[in-house]
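In this text, all values refer to a predicted model and were calculated from it rather than measured experimentally.
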Amino acid sequence: MRRVLFGLMVMGSLLFAEVQHITASEDFLKKGITVVDIRTPGEWRETGIVKGSHTIMFFDERGGYDVDNFLIELNRVVKKDEPFALICRTGSRTAMISDFLDKDLGYRVINLQGGIMNLMRSGYKTTAYR
């Protein structure tokens with residue numbers, strides 16, 4: 001009986017899991033949650049990146065994408081059941097991708113609203129992309 005109740009509780013919590021939308025801030029970054037930057041290499045070079053973040057491009061410069069390749073790269077840095085954050089320039093792309101990863105694929109995603117631009121406006125110093 002306890003196993004059945006536990007199973008129902010776990011399944012119920014998964015049904016109600018949803019993307020967290022949190023403003024990109026230095027305080028959030030201090031929590032040590034894995035950050036995945038989905039922008040393009042040109043954008044990474046232009047603004048720099050969050051120190052320790054993983055750069056995995058989702059949309060290319062023309063708006064094209066390769067979901068399979070993105071997921072292969074993503075699964076190298078995060079486990080499906082662990083929370084991680086997505087960041088882009090302003091949070092628009094990550095809002096779309098976060099919903100897809102969460103609702104369609106079951107990842108535990110945090111969308112960093114305002115993106116790298118919000119961090120930089122608040123005085124965050126990025127790390128050069130190499």
Taking all non-hydrogen atoms of both residues into account, name the closest pair between [X] and [Y] and its distance.
X	Y	value
Y124	K51	OH-N, 3.2 Å
P83	I110	CB-CD1, 4.4 Å
T34	H54	CG2-CD2, 3.6 Å
I33	F84	CG2-CA, 3.7 Å

Check your understanding: Any salt bridge between K125 and E26, counting N to O under 4.0 Å?
Key ->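 No.
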Review point. Should D60 and R62 count as an ion pair when the cut-off is N to O under 4.0 Å?
Key: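 No, D60 and R62 are not salt-bridged.
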Review point. Would you say the side-chain atoms of S53 and D37 include a donor-acceptor pair closer than 3.5 Å?
Key: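 Result is no, nothing qualifies.
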Practice item. On the 0 to 90° scale, with breaks at 30° and 60°, tag the F70-F58 ring pair as parallel, tilted or perpendicular. Key: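 Ring orientation, 0 to 90° scale: perpendicular.
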Nearest 0.5 angstrom please: [X] [atom1] to [Y] [atom2], how far?
X	Y	atom1	atom2	value
R76	L74	CZ	CG	11.0 Å
R108	K80	CZ	NZ	13.0 Å
E73	I38	CD	CD1	14.5 Å

Membership question, hydrophobic clusters at under 4.5 Å side-chain separation (ILVMFWY): are [Y] and [X] in the same one?
X	Y	answer
V36	F28	no
L105	I72	no
V78	I56	yes

**Study point:** Within-4.5 Å side-chain heavy-atom neighbours: I49 and T55
**Key:**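 When only atoms from C-beta onward are counted, T55 and I49 do touch, with a gap below 4.5 Å.
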Check your understanding: Considering residues, nucleotides and ligands other than Y65, do more than 12 of their heavy atoms fall under 6.0 Å from its OH?
Key ->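 Count not over threshold, so no.
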**Study point:** side chain to side chain donor-acceptor pair (under 3.5 Å) evaluation trace for R89 with T47
**Key:** CA-CA 9 Å; R89 185 172 181 85; T47 63; 5.6 Å; no
